[in-house]
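Written below as structure tokens is the structure these notes are about.
Counting begins at 1 with the first residue of the sequence. Nothing here was measured: the structure is a model prediction, and the numbers come from that model.
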Amino acid sequence: MIKKWIYYSSIAIITAFITLSFKATSHDNRNVDTQDQASFYILPTFEEIDNETEFLNFNFPFTGKTFTGFKEALAFKESQGKYTLINSLGYMGKYQFGKAALRAIGIHDSSEFLKNPRLQEKAFKALLAKNKWELRKEIEQYDGKIVNGIAITESGILAAAHLGGAGSVKKFFRNNGKRAIRDNYGTSLQSYMKKFGGYDTSFIEANANAKIKK
């Protein structure tokens with residue numbers, strides 16, 4: 001009988017202990033939810049919201065209208081930034097070079113060009129330098145002006161030259177922008193002038209003899 005009493009008493013004590021433990025834990029959790037709730041859910045002030053909006057609109061380095069922003073935007077349009085891409089017309093790499101353009105800047109090995117990202121970046125800058133020289137008069141004359149509804153900028157001119165060559169850009173200005181000039185896929189010179197206008201390409205120095213130095 002005594003053993004049964006001890007047995008049932010032990011069960012009662014253990015049950016009471018467990019019950020009190022759960023109540024204490026639950027009580028502590030409610031304290032965190034109520035007393036510290038303000039620290040978890042503080043709403044921003046109007047000033048902080050304004051600062052956040054300004055932060056989101058900020059042009060970070062290497063993006064926006066910088067030179068890197070220009071080349072990466074153009075590369076995405078050309079190939080989605082893929083160094084090994086060859087299109088149906090045989091244009092190659094991140095910036096879609098034709099063999100004639102590569103030869104003009106001193107590159108004769110297409111296979112090496114495709115597997116060498118650093119060489120492709122150098123080639124892009126070299127071609128920009130060459131086109132900037134060939135179009136220096138057009139840049140000086142039309143940069144900052146409106147031609148047939150298009151705001152002309154140096155970067156837009158260079159992008160258009162990358163699409164259709166410097167000769168096509170000269171033809172565009174000779175016709176006051178009224179003649180539609182397109183590549184083999186139907187992309188217009190005018191669309192490149194608009195899309196890639198306003199970037200900072202002052203980093204590129206005009207050079208009639210721009211070549212890749214290995």
Side-chain angles (χ1 to χ4, degrees), residues 59-83 85-87 89-105 107 113 117 119-208 210 212:
N59 286 329
F60 293 97
F62 310 118
T63 59
K65 293 297 184 178
T66 63
F67 174 74
T68 301
F70 169 73
K71 74 184 188 69
E72 294 303 324
L74 185 58
F76 188 82
K77 175 65 176 176
E78 292 288 306
S79 69
Q80 292 189 327
K82 298 175 182 177
Y83 285 106
L85 181 69
I86 303 176
N87 74 7
L89 296 174
Y91 288 85
M92 299 171 287
K94 181 178 177 180
Y95 302 100
Q96 293 293 280
F97 275 81
K99 290 183 179 180
L102 289 177
R103 288 194 297 269
I105 56 175
I107 297 176
F113 174 77
L119 182 60
Q120 291 189 33
E121 298 296 337
K122 288 182 178 180
F124 179 67
K125 292 176 183 177
L127 186 60
L128 286 177
K130 184 177 288 288
N131 283 333
K132 193 169 182 176
W133 171 263
E134 292 185 13
L135 294 165
R136 63 194 185 282
K137 293 180 180 178
E138 286 75 14
I139 291 171
E140 182 179 356
Q141 182 176 352
Y142 294 104
D143 185 21
K145 295 182 180 179
I146 305 294
V147 176
N148 197 28
I150 300 173
I152 304 300
T153 65
E154 179 181 285
S155 64
I157 289 174
L158 294 177
H162 187 83
L163 176 72
S168 295
V169 176
K170 290 176 182 288
K171 186 183 296 183
F172 168 85
F173 287 117
R174 282 199 302 269
N175 291 279
N176 199 31
K178 294 180 180 180
R179 181 177 177 180
I181 302 172
R182 301 179 183 275
D183 71 355
N184 291 323
Y185 290 110
T187 305
S188 71
L189 213 70
Q190 290 90 329
S191 69
Y192 264 48
M193 285 199 179
K194 291 178 182 178
K195 186 176 183 65
F196 301 107
Y199 286 89
D200 181 9
T201 51
S202 60
F203 168 80
I204 299 297
E205 295 183 7
N207 184 352
I212 297 298

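Nearest heavy-atom pair across Gly93 and Ser79 is O-CB, 3.6 Å. Nearest heavy-atom pair, Asn131 versus Ala166, reported as atom, atom and distance to 0.1 Å: OD1-CB, 3.9 Å. The shortest non-hydrogen separation linking Ala159 to Leu74 is CB-CD1, 4.5 Å. When all heavy atoms are compared, the tightest approach of Glu154 to Thr201 is OE2-OG1, 2.6 Å. For Ile212 against Ala126, the heavy-atom pair with the smallest separation is CD1-CB, 3.9 Å. Contact between Ala123 and Ile107 at its shortest, heavy atoms only, is CB-CD1, 3.8 Å.
To the nearest 0.5 Å, atom CZ of residue Arg182 and atom CG of residue Leu189 are 10.5 Å apart. In this structure, NZ on Lys77 lies 5.5 Å from OH on Tyr192, to the nearest 0.5 angstrom. Between the CD1 atom of Ile139 and the CG atom of Leu158 there is a distance of 5.0 Å, given to the nearest 0.5 Å. Note that CD1 of Ile181 is 11.5 Å distant from OG of Ser191, once rounded to the nearest 0.5 Å. Here the straight-line distance linking atom CG of Leu102 with atom OH of Tyr91 works out to 10.5 Å at 0.5 Å rounding.
Aromatic pair Phe124/His162: ring centres closer than 6.0 Å.
Here the side chains of Asp200 and Lys65 are not in contact, with every heavy-atom distance at 4.5 Å or above. Leu135 has its side chain out of reach of Lys132: every pair of non-hydrogen atoms, C-beta onward, lies at least 4.5 Å apart. Phe97 is not listed as a side-chain neighbour of Glu78, based on a closest heavy-atom distance of 4.5 Å or more. For the pair Asn176 and Lys178, the minimum side-chain heavy-atom distance is below 4.5 Å. Contact check for Met193 versus Phe172: side-chain heavy atoms found under the 4.5 Å cut-off. Residues Phe70 and Leu128 have side chains in contact (heavy-atom distance under 4.5 Å, counting atoms from C-beta outward). A heavy-atom distance below 4.5 Å is found between the side chains of Ile157 and Ile152. Lys99 has its side chain out of reach of Phe113: every pair of non-hydrogen atoms, C-beta onward, lies at least 4.5 Å apart.
Using bins of under 30°, 30° to 60° and over 60° for the plane-to-plane angle, the ring pair Tyr199/Phe196 lands in the tilted bin.
Ion pair Glu72/Lys94 flagged as a salt bridge, since at least one NZ, NE, NH1 or NH2 atom sits closer than 4.0 Å to an Asp/Glu carboxylate oxygen.
Here Asp183 pairs with nothing under the side-chain hydrogen bond (donor to acceptor under 3.5 Å, both in side chains) rule; sequence neighbours left out. Here Ser168 pairs with nothing under the side-chain hydrogen bond (donor to acceptor under 3.5 Å, both in side chains) rule; sequence neighbours left out.
Glu121 and Tyr95 are linked by a side-chain donor-acceptor pair at a separation below 3.5 angstrom, with hydrogens and angles left out of the test.
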Starting from the C-alpha separation in whole Å, work towards a yes-or-no answer on salt bridge (Lys or Arg N to Asp or Glu O under 4.0 Å) for Lys170 and Glu134. CA-CA 9 Å; Lys170 290 176 182 288; Glu134 292 185 13; over 6 Å; no
Output, in order, the C-alpha distance, side-chain angles, deciding distance and verdict of side-chain contact (heavy atoms from CB on, under 4.5 Å) for Tyr185 and Leu89. CA-CA 10 Å; Tyr185 290 110; Leu89 296 174; 3.5 Å; yes
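Counting heavy atoms of neighbouring residues, nucleotides and ligands inside a 6.0 Å radius, atom CZ of Phe173 exceeds 12 of them. Within a 6.0 Å radius of CG in Asn184, no more than 12 heavy atoms belonging to other residues, nucleotides or ligands are found.
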